[in-house]
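For reference, the structure is listed below as structure tokens.
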There are 2 protein chains.
Amino acid sequence: MNVTGGKRGRITIHDVAAAAGVSISTASKALNETGRMSAETRERVKRIAGEVGFRPNALARGLLSKRSFTIGLLTNDTYGRFTLPVMAGISEALLDHGVSVFLCAIEDDPALGQIHVDAMLEKQVDGIIATGKRLDRQLPIDLSDLPVPVVYAFTEGTSTSVTFRSDDAQGARLAVEWLVKMGRRRIAHVTGPESFFSVRERADAYRDVIGGEGLVMFGHWAELWGHEAVADIWNKESERPDAIFCGNDQIARGVVDALRERGLRVPDDVSVVGFDNWEIVAGQTRPPLTSVDMELKELGRQAGLTVLALAEGRPVDPGVRKLPCRLVVRQSCGAQNPRR
Amino acid sequence: MNVTGGKRGRITIHDVAAAAGVSISTASKALNETGRMSAETRERVKRIAGEVGFRPNALARGLLSKRSFTIGLLTNDTYGRFTLPVMAGISEALLDHGVSVFLCAIEDDPALGQIHVDAMLEKQVDGIIATGKRLDRQLPIDLSDLPVPVVYAFTEGTSTSVTFRSDDAQGARLAVEWLVKMGRRRIAHVTGPESFFSVRERADAYRDVIGGEGLVMFGHWAELWGHEAVADIWNKESERPDAIFCGNDQIARGVVDALRERGLRVPDDVSVVGFDNWEIVAGQTRPPLTSVDMELKELGRQAGLTVLALAEGRPVDPGVRKLPCRLVVRQSCGAQNPRR
DNA sequence: CTGAAAGCGCTTACAG
DNA sequence: CTGAAAGCGCTTACAG
């Protein structure tokens, strides 16, 4: 015995029409609520279609309508950390419109990207969303001259396109202002590599809020760097911070662990804020991290609705749209509720 | 100014045929390497198709061939921890065959699942792969009577279907045998909830290898539980383990941190092994975790090739296929290389 | 060696 | 109120 696949004799609109004793055109119009016919006929056709389990063939439909109700999501974020929430937002927004999403992970391989783009175009996607893992890098493939609309989300787009990104400056401000509100006065900033645009943007916002140079330490996106930074700071003679704003949650976790290992209490002695609100890290840190959430799902939702608009020919203004971040308060700052 | 989308005047085979001065049939045959014609004609058509940037419409093709070169991946693993590697394997295996993948995250919502399945069937997917986050649970939707082949990966399937899963018993054996080989004699097992099939299977394999009851502690899948378990063990009078085999990497991370906080050295005093080889956890633990990898990418690859076979009508034996796990050695056990 | 015709499953003017 | 016909873009017997 073995399993068999294949699509043996699917039911078509022919079968429905025959069973209902009407022509194919009438059946089509009945099912699509178009044309005019007796309510009785319409109902009968619809009932029979339901009974025989009729499912319209989207390929045939798409051939006529020039719409496949399909879009492609291109990403070079293998890890899925940014792509997954974006994808969830896109999917949620487009499901109501009957649109399905092809996910294409292209790493940083231009050839792989080209293959995926070609495959999607042949499959007549209504549009493409390009997403990545940083705001100042393009995907390794040129999407600027495609026959379908392209929207960028969390990756650098072209000047004539629509690009959605998080407002990192506003997110950083949110974090630092919160620390200030918590009564912290000596706030340090431990972050990722200065080569990242978002790192510079967040650092600038940090300096802006504290109104001075502050203490900015550039490093890399890992827990280890959090440990090293804390060691550096506490091994110096200089005045110690009572709060540390970190460039991402992994660094923040390293910082929190390092502080605890030095016998310092978080948040009592030092408050810590992370960035990304990556549940797996922020939630498992002891104490759980207060962190800036980039609202990637909302970003995905808007990107999805935007490709859809473009695919339907509705006009959309090009440019970069910055979406506000949100501060998610947990225990690492010493307060439970941002509104309190 | 605004961005415009839409598919204005795509090039069809008509255009190619006209430009090459041949009929549509000849153009089609030239491009598909079928039929017979002068080499000169064939070359000319192909060259012109390339020049005008002709891309065959997969919708039209699919209508004829009953193959959409599209499959659906259904998952209830929102977090993507298991789905992402599986997806990567599927995608990699099917790309060569021109197959694209619809990703559908259905949470545990049957209604959402039904909507996605209906959408995929209308779009004439050639098959569906169902994937989840545990081996002993079905997706919240019945896939047993679909007009297309369904393959299960890392989720419970039906008796007549093909199901791919990791061999958790073998994986656990690998881990415990490795600890034994490292000279460890008092190996404990700290794991997840006993209600999970894979937890029981791993625990049984653990007992098997150590040849006795051992010390099995069921809990939950979090770092905190690792801390609690270590506290429990070390607060008792009984003999302390010199190795702990953990049910997943998060527990293992908690265990490692808890041991270090007690002044115990890992791996010198206690060796620790995790399960899942989740890079973000295993790699950031100090020291990095030796962990069991379930080879989910390979699992995805095989699942992908299997739906493809079924879609093409090739016979496949039903049943559960267990794929071997692999031990990834890092520093938490005291050795660098399993072959040494 | 090349092309006219039928048809995949549907929708949409158009005619009756 | 209902249906015959044309057509979306392609492929595939079949005829010449």
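Every chain is numbered from 1, with letters handed out A, B, ... down the list of sequences. Side-chain atoms are counted along with the backbone in the values below, which use heavy atoms only and exclude waters and symmetry mates.
Separating the CD1 atom in B/I141 from the SG atom in B/C104 is a distance of 10.0 Å, to the nearest 0.5 Å. The distance from atom CG of A/L94 to atom CZ of A/R301, rounded to the nearest 0.5 Å, is 10.0 Å. Expressed to the nearest 0.5 Å, how far CZ of B/F154 lies from CG of B/L296 amounts to 5.5 Å.
A salt bridge does not link B/R47 with B/E43: every distance from a Lys NZ or Arg NE/NH1/NH2 to an Asp or Glu carboxylate oxygen is 4.0 Å or more. Between A/E92 and A/K297 there is a salt bridge, since at least one side-chain N of the basic residue sits less than 4.0 Å from a carboxylate O of the acidic one.
In terms of position on DNA chain D, the residue among A/A39 and A/S25 whose nearest nucleotide sits closer to the 5' end is A/A39. Mapping B/G35 and B/L64 onto DNA chain C by nearest heavy atom places B/G35 at the nucleotide closer to the 5' end.
The main-chain N or O of A/Y152 is never found under 3.5 Å from a side-chain atom of A/T155 such that the two would form a donor-acceptor pair. With hydrogens and angles disregarded, a donor-acceptor distance shorter than 3.5 Å links the side chain of A/D126 to the backbone of A/F69. Between the B/K46 side chain and the B/E33 main chain, no donor and acceptor come within less than 3.5 Å of each other. Counting only distance, with no hydrogens or angles, the side chain of B/S91 and the backbone of B/M87 share no donor-acceptor pair below 3.5 Å.
Remark: of the listed residues B/L323, B/V151, B/I90, B/L323 is the sole one forming a side-chain contact (heavy atoms from CB on, under 4.5 Å) with B/Q302.
When heavy atoms are screened at a 4.0 angstrom cut-off, A/T41 is found touching the sugar-phosphate backbone but no base atom. Heavy atoms of B/L59 sit nowhere under 4.0 angstrom from any nucleic acid atom. Across all strands, A/R61 comes closer than 4.0 Å only to sugar-phosphate atoms, never to a base (heavy-atom distances).
In DNA chain D, the stems built from three or more successive Watson-Crick or G-U pairs (distances below 3.5 Å) are C:1-3 with D:14-16, C:5-12 with D:5-12, C:14-16 with D:1-3.
The stretch residues 26-33 of chain B touches DNA chain D through B/S28, B/K29, B/N32, each having a heavy atom within less than 4.0 Å of the strand.
Contact footprint of chain A on DNA chain D: nucleotides with an atom under 4.0 Å from a non-hydrogen protein atom, first to last in 5' to 3' order, D/dC1 to D/dG9.
More than 12 heavy atoms of other residues, nucleotides or ligands lie within 6.0 Å of CG in A/D96, so this atom counts as buried by the packing criterion.
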